[in-house]
Number of protein chains: 2
Amino acid sequence: MQHSRTAYVILGMLSLSPGLTASGYEIHKAIEDNFGSFWGESYGQIYPTLKRLLSEGLIEAKKPDSGPRRKRQEYSLTESGRVCLREWLALPFQNDPPRNEFMLKLFFGGEAAPGVALAHVRELQRRNQHMMATLEGIEQASRRYPTENPNKPYWMLTLSLGMALTRAALEWGESTLAQLSAIEAAEAQPRQAADTPPEANPA
Amino acid sequence: MQHSRTAYVILGMLSLSPGLTASGYEIHKAIEDNFGSFWGESYGQIYPTLKRLLSEGLIEAKKPDSGPRRKRQEYSLTESGRVCLREWLALPFQNDPPRNEFMLKLFFGGEAAPGVALAHVRELQRRNQHMMATLEGIEQASRRYPTENPNKPYWMLTLSLGMALTRAALEWGESTLAQLSAIEAAEAQPRQAADTPPEANPA
DNA sequence: CGTGGCATGTAAACGGTTACATGATTTA
DNA sequence: TAAATCATGTAACCGTTTACATGCCACG
């Protein structure tokens, strides 16, 4: 691949509205705020990539229009940058290599100390509730400020996929918490009758 | 972190049944077959990691028990390997950095040529249908060969999370295909009445 | 005036994939 | 015996994170 995917996220960010300019810092923040559920970039990627895109003419640097004081360098998309973005968009998407550490630790839960898997599921619920709240915040913000942007339907579809996946995970977590409590209670007292209250667990 | 996560997947694989031994090749295959929906490892990671784990005494090499002919080197878990695995399992799980290229391309769908986003969603459906079939295969295999393994409840929970997420994505895809067809049809003929049949689309 | 956040950047390290090389074993 | 697949390994490369360095600006 000619460009890393970091390059395309940047081009994409700058394509979102007609004359948009943004600095590296702003791009980083925008990615975190808007793509947080499905993408991430570090400064260590963004700044070098901006330079490269600039040298290739896919973005251009905004000249300081007034006053001698310029702190942040802003960039905007060029026509060839837009073409490059479009070409990439039409290519088949890569499946990200699967690496879900939660699922891995859950799978090996039987090897862990009692209560470990249960604690992981509770933590997953906590993180997913947080994620859901973030996504709902984005949804409500987009309702309050109805944009004319023709891309908006795509933003909403992406958001709804994020919500659907998070919701499914939360539902799974709910039913799993019940099951796991039973499993781990049974593990803790394998030879006794199951009449001992769970809070009397010696572990 | 002392060890890469590759090390822990290997330790975990070797912990799955009491006297289990496996070669690098078998470990790779087992990860692909069983963890394919949430984890992946390449040979380039597995073989060097096996050597390292061996040198640290976390696994041990099986000695050729009969005949001069030995093709594949098999390893098994040592007691200190098991301890190391347990320690890692009890640590909080990392959130994998989010990198979902499908969602990225969908988000920027308004910038792409007509039909591109729709094609991506169709492709996503295809991949998820395939994923679902694989997961159902695992489920049925586990029904046909009911194991006594006490870890099985955790395997089933992991499987059910995979299925829940895949199912949610498939449902989203179904409703999205309908919506997207409408959106992209409207984009293609913005100034005309919507009475032109979609197959007459000049694009 | 000092502190904390804004903003930009870089070097090193890391985890991981890819491509390649090699030989052994099985199957046709 | 030829082809396919099993099996092991390594070197180079790549994208990314981390840690660090720096200076500016606003606010108390």
Side-chain angles (χ1 to χ4, degrees), chain A residues 1-11 13 21-33 35-36 38-55 59 61-62 64 67-75 88 93-101 104, chain B residues 1-11 13 21-33 35-36 38-55 59 61-62 64 66-75 88 91 93-101 104:
Chain A
M1 207 190 301
Q2 178 114 2
H3 296 275
S4 79
R5 299 190 293 178
T6 302
Y8 296 109
V9 202
I10 292 175
L11 294 178
M13 278 296 327
T21 71
S23 65
Y25 188 84
E26 287 168 323
I27 289 170
H28 178 261
K29 189 167 186 333
I31 289 172
E32 205 171 53
D33 291 351
F35 305 166
F38 59 89
W39 205 266
E41 290 293 347
S42 64
Y43 290 125
Q45 283 282 94
I46 288 174
Y47 286 111
T49 303
L50 280 171
K51 291 211 162 148
R52 185 165 172 226
L53 291 173
L54 184 63
S55 80
I59 60 176
K62 188 191 180 188
R69 207 104 349 258
R70 276 294 102 208
K71 15 105 176 270
R72 63 224 216 315
Q73 180 57 62
E74 300 203 326
Y75 302 91
W88 176 75
F93 61 92
Q94 287 181 227
N95 268 353
D96 329 276
R99 257 157 184 250
N100 186 323
E101 191 173 306
L104 195 60
Chain B
M1 208 188 299
Q2 179 113 0
H3 296 274
S4 80
R5 298 190 294 177
T6 304
Y8 296 109
V9 203
I10 292 176
L11 294 179
M13 278 295 326
T21 71
S23 65
Y25 189 83
E26 287 168 323
I27 289 171
H28 179 262
K29 190 167 186 333
I31 290 172
E32 205 171 51
D33 292 351
F35 306 166
F38 59 89
W39 206 264
E41 291 293 345
S42 64
Y43 290 124
Q45 283 282 95
I46 288 174
Y47 285 111
T49 302
L50 280 172
K51 290 210 163 151
R52 186 168 171 223
L53 290 172
L54 184 63
S55 81
I59 60 176
K62 188 189 179 187
S66 74
R69 204 110 345 263
R70 276 294 102 208
K71 5 83 181 296
R72 63 224 216 314
Q73 181 55 63
E74 301 203 325
Y75 302 91
W88 177 75
L91 259 39
F93 61 92
Q94 285 182 229
N95 268 352
D96 329 275
R99 251 140 194 262
N100 186 324
E101 192 173 308
L104 195 61

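These values consider heavy atoms only, across backbone and side chains, with no hydrogens, waters or symmetry-generated copies. Bear in mind that the values here come from a model prediction, so they are computed numbers and not experimental data.
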Whole angstrom is fine here: how far is it from CG in B:D96 over to P in D:dT17?
-> 12 Å
Please tabulate the protein-to-nucleotide N/O contacts below 3.5 Å involving nucleotides 8-10 of chain D, giving atom names and distances.
unit_1, atom_1, unit_2, atom_2, d
D:dT8, OP1, B:Q73, N, 3.1
D:dT8, OP2, B:Y25, N, 2.8
D:dT8, OP2, B:Y47, OH, 2.8
D:dT8, O5', B:Y47, OH, 3.3

Rounded interatomic separation in angstrom, taking CD1 from A:I31 and C1' from C:dA7 | 16 Å
Sorted by chain and number, sequence neighbours left out, side chain to side chain donor-acceptor pair (under 3.5 Å) with B:T21 holds for B:E74
Atom NZ of A:K29 and atom C1' of C:dG5 are separated, to the nearest Å, by 13 Å
Residues that B:Y25 engages under ring pair (Phe, Tyr, Trp, His ring centres under 6.0 Å), provided they are two or more places apart | none
Separation of C:dA7 P from A:E32 CD (nearest whole Å) | 14 Å
Just wondering, do B:I27 and B:I31 contact through their side chains at under 4.5 Å, heavy atoms?
-> yes
CD of A:E41 versus P of D:dC14: gap in Å, rounded?
-> 18 Å
With sequence neighbours excluded, residues passing ring pair (Phe, Tyr, Trp, His ring centres under 6.0 Å) with A:F35 = A:F38, B:F107, B:F108
Listed by chain and number, what are the salt bridge (Lys or Arg N to Asp or Glu O under 4.0 Å) partners of A:E26, not counting sequence neighbours?
-> A:R72
Spacing of B:I46 atom CD1 relative to C:dT17 atom P, expressed in whole Å | 9 Å
With sequence neighbours excluded, what pairs up with A:K51 under the salt bridge (Lys or Arg N to Asp or Glu O under 4.0 Å) test?
-> none
Between D:dC6 (P) and B:I27 (CD1): distance, integer Å = 17 Å
